[in-house]
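Here is the structure we will look at.
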Amino acid sequence: MSISDRATIFALSSGRPPAAIAVVRVSGPQARAALEALAKLPEPRRAALRRLRDPKSKAVLDDALVLWLPGPNTETGEDMAELHLHGGRAVIAAVLDALGRVPGLRPAEAGEFTRRAFENGRLDLTAVEGLADLVFAETEAQRAQAMRQYQGLLGGRAENWRQRLIGALALIEARIDFSDEADVPEDLIGPALHVARELLDEIEQTLRDEHRGERLREGLTVAIAGPPNAGKSSLLNRLARREAAIVSPYAGTTRDVIEVHLDLGGYPVTLLDTAGVRDSDDPVEQEGVRRARARAEAADLVLWVEEARGNGAAEVRNESKKQWIVRNKVDLLNSSQTESTQRGGTFPLSALTGAGVDPLVRALAGYAAEYFHTGEPVLVTRQRHRDALRETADALGRALAAPGGQEELIAEELRLAARALGRLTGRVDVEDILDVIFRDFCIGK
Ligand SMILES: Nc1nc2c(ncn2[C@@H]2O[C@H](COP(=O)(O)OP(=O)(O)OP(=O)(O)O)[C@@H](O)[C@H]2O)c(=O)[nH]1
Ligand SMILES: [Mg+2]
């Protein structure tokens, strides 16, 4: 479908109203007509204050800052318009309603602006994913990683690999198809395989990243578990610095898993409060305990909370799981008992008074820093990337293992490798290979 046949889309692009300002965006061939239906067209790329009127009744809708952005140098690659409205629900509703009545316009679907940006070659697929991550980034480390991805750290590298691969493939194709031509040098296979070997090494190196990119996107999950009434919810509230979970003197208070998101030293940590683990006849509590167990099992780290004055014999501790012991309610102990809590590897504290909580927070931040251990920025942030690179590396490996004289086989594997990289960035075009042959070997004489 050519650009001019496409529907023109519009949507509220800013957050949930009411707010000071709401930004409505329009993209597509009718963007200019849409703007002109509501207001006098401003100069291109100049913000102008305009009175918006209903196209039919001419009733005033709002006074807004308006932008007219002719394509193709726009975010979507199409003509675009932006309306910066007063951010009230009724204002937004009235303007969206008016836009909906302009011929050729329809509300945008989720992600449709970005999709158009991709389809019009403004962003590659990895940048699209980076943009999505940027919008959802909750901590500094996540933001930095998303920004790198958006700016093309992976996309640029993948495209570089793909170009080199296409160069190598061109050598082999030339050997196969044009070996009788006088100006094609004899040994083309050796240099081609040399490039394949280099690429394989670089890609394998990239894949050896301990999944740090995915980890950072998903965050570290820490489950608080332990017997009923030990103070798990109190600890969650203390760490979250708000009353996220209900605390009560009754055992069996928490039933559902409560989730809070923390930023620990720039790293994303999801903290889970769970139902106290015990046998119960109450089916609701049983379900709570089942959920508690499942979530603790899936967590990266478990904080097992028990009362400091108990004997510390935690029943359902899972030895295979990374687990720290929190000995809570130290404020109830006398001084000699307090000393006996100072054993290594445990955290004696009082969720009620806050005593001893800081060392736990520091240990958690340290654990998070180690878990995400930042050094070299990673390229791979999703399984999709990993799969595509794995596929590329496997094909390169097969090309390198091909017996001598098997040019056809090598070419086929290199083609598969290039296609896998093309899928990674979202561009698969075999025409490139021909382009390189014609450019480098002046065959079409
Ligand atoms: N003295 C003292 N009381 C505490 C402390 N932490 C929690 N409590 C009290 O212990 C009781 C239980 O606290 P919760 O945080 O609800 O315990 P829980 O482990 O979430 O309990 P369930 O959800 O029922 O499993 C409440 O009365 C809290 O006020 C503490 O450090 N010191
Ligand atoms: Mg609780």
Side-chain angles (χ1 to χ4, degrees), residues 1-17 19 21-32 34-35 67 69-85 87 89 92-93 95-97 99-100 102 104-139 142-156 158-159 213-214 216-219 261 268 379-388 421-429:
M1 196 192 295
S2 80
I3 285 189
S4 58
D5 301 336
R6 301 192 76 154
T8 296
I9 54 175
F10 64 93
L12 174 67
S13 291
S14 54
R16 191 141 58 109
I21 294 169
V23 179
V24 169
R25 293 197 300 171
V26 183
S27 178
Q30 298 304 314
R32 177 188 176 135
L35 201 48
L67 284 152
L69 307 164
N73 289 324
T74 59
E75 188 176 337
T76 59
E78 302 178 323
D79 285 353
M80 292 187 77
E82 266 184 36
L83 306 168
H84 297 218
L85 312 169
R89 286 182 218 283
I92 296 164
V95 170
L96 293 181
D97 175 66
L99 286 172
V102 175
L105 264 68
R106 67 159 170 80
E109 287 162 20
E112 207 174 0
F113 286 91
T114 311
R115 191 183 171 132
R116 290 191 173 191
F118 167 65
E119 286 172 357
N120 292 327
R122 306 290 296 174
L123 297 174
D124 80 9
L125 266 193
T126 63
V128 167
E129 290 166 329
L131 193 56
D133 290 349
L134 197 57
V135 172
F136 288 108
E138 287 182 353
T139 71
Q142 285 180 319
R143 184 197 63 76
Q145 172 168 297
M147 198 64 203
R148 283 192 294 267
Q149 173 117 21
Y150 172 59
Q151 291 180 320
L153 185 68
L154 173 62
E159 190 49 25
E214 290 102 313
L216 187 54
R217 280 188 60 239
E218 279 153 28
H261 295 268
L379 295 175
V380 173
T381 61
R382 292 168 194 251
Q383 189 64 39
R384 190 182 80 78
H385 307 158
R386 205 167 284 288
D387 291 346
L421 283 176
R423 267 203 303 280
L424 178 57
T425 55
R427 81 174 79 203
V428 181
D429 37 3

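We're numbering straight along the sequence, starting at 1.
For the pair Leu99/Leu83, a side-chain contact is recorded, criterion being any heavy-atom separation below 4.5 Å from C-beta on. With a 4.5 Å cut-off on side-chain heavy atoms, Gln149 and His385 count as touching. The shortest side-chain heavy-atom distance between Leu67 and His84 falls under the 4.5 Å cut-off. No side-chain heavy atom of Met80 sits less than 4.5 Å from a side-chain heavy atom of Val26. Counting heavy atoms from C-beta on, the side chains of Thr381 and Leu154 never come closer than 4.5 Å. Within the 4.5 Å cutoff, side-chain heavy atoms of Glu82 are placed close to those of Leu69.
Under the 4.0 Å criterion applied to side-chain N and carboxylate O atoms, Glu119 and Arg6 are assigned as salt-bridge partners. The pair Arg217-Glu129 fails the salt-bridge criterion, with no side-chain N (NZ, NE, NH1 or NH2) lying under 4.0 Å from an Asp/Glu carboxylate O.
Taking every heavy atom of both residues into account, Ala117 and Glu75 meet most closely at CB-O, 3.2 Å. The minimum heavy-atom distance linking Ala158 with Leu421 is given by the pair O-CD1, 4.1 Å. Counting all heavy atoms, side chain and backbone alike, Leu12 lies closest to Leu96 at N-CD2, 4.4 Å. Contact record, Leu123 with Phe118: O-CD1, 3.3 Å, taken as the closest heavy-atom pair. Contact record, Pro17 with Ile92: CB-CD1, 3.7 Å, taken as the closest heavy-atom pair. Of all heavy-atom pairs spanning Leu105 and Gln30, the tightest one is CD1-CB, 3.6 Å.
With values rounded to the nearest 0.5 angstrom, Leu424 atom CG is found 10.0 Å from Glu159 atom CD. For the atom pair Leu131 CG and Met147 CE, the distance stands at 9.0 Å (nearest 0.5 Å). Between the CD atom in Glu214 and the CZ atom in Arg384 there is a gap of 12.0 Å [rounded to 0.5 Å].
Between the side chain of Arg122 and the main chain of Thr74, a donor-acceptor pair closer than 3.5 Å is present. Arg116 contributes no side-chain N or O that, together with a main-chain N or O of Gly77, makes up a donor-acceptor pair within less than 3.5 Å. Between the side chain of Glu78 and the main chain of Pro29, no donor-acceptor pair closer than 3.5 Å is present.
For Arg148, there are no side-chain hydrogen bond (donor to acceptor under 3.5 Å, both in side chains) partners, not counting sequence neighbours.
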Subject >> Verdict with supporting geometry, Leu125 and Thr425, side chain to side chain contact (heavy atoms under 4.5 Å, CB included) >> reply: CA-CA 5 Å; Leu125 266 193; Thr425 55; 5.6 Å; no
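For the side chain to side chain donor-acceptor pair (under 3.5 Å) condition, the pairs that include at least one residue of residues 8-17, sequence neighbours left out, are Ser13-Arg25.
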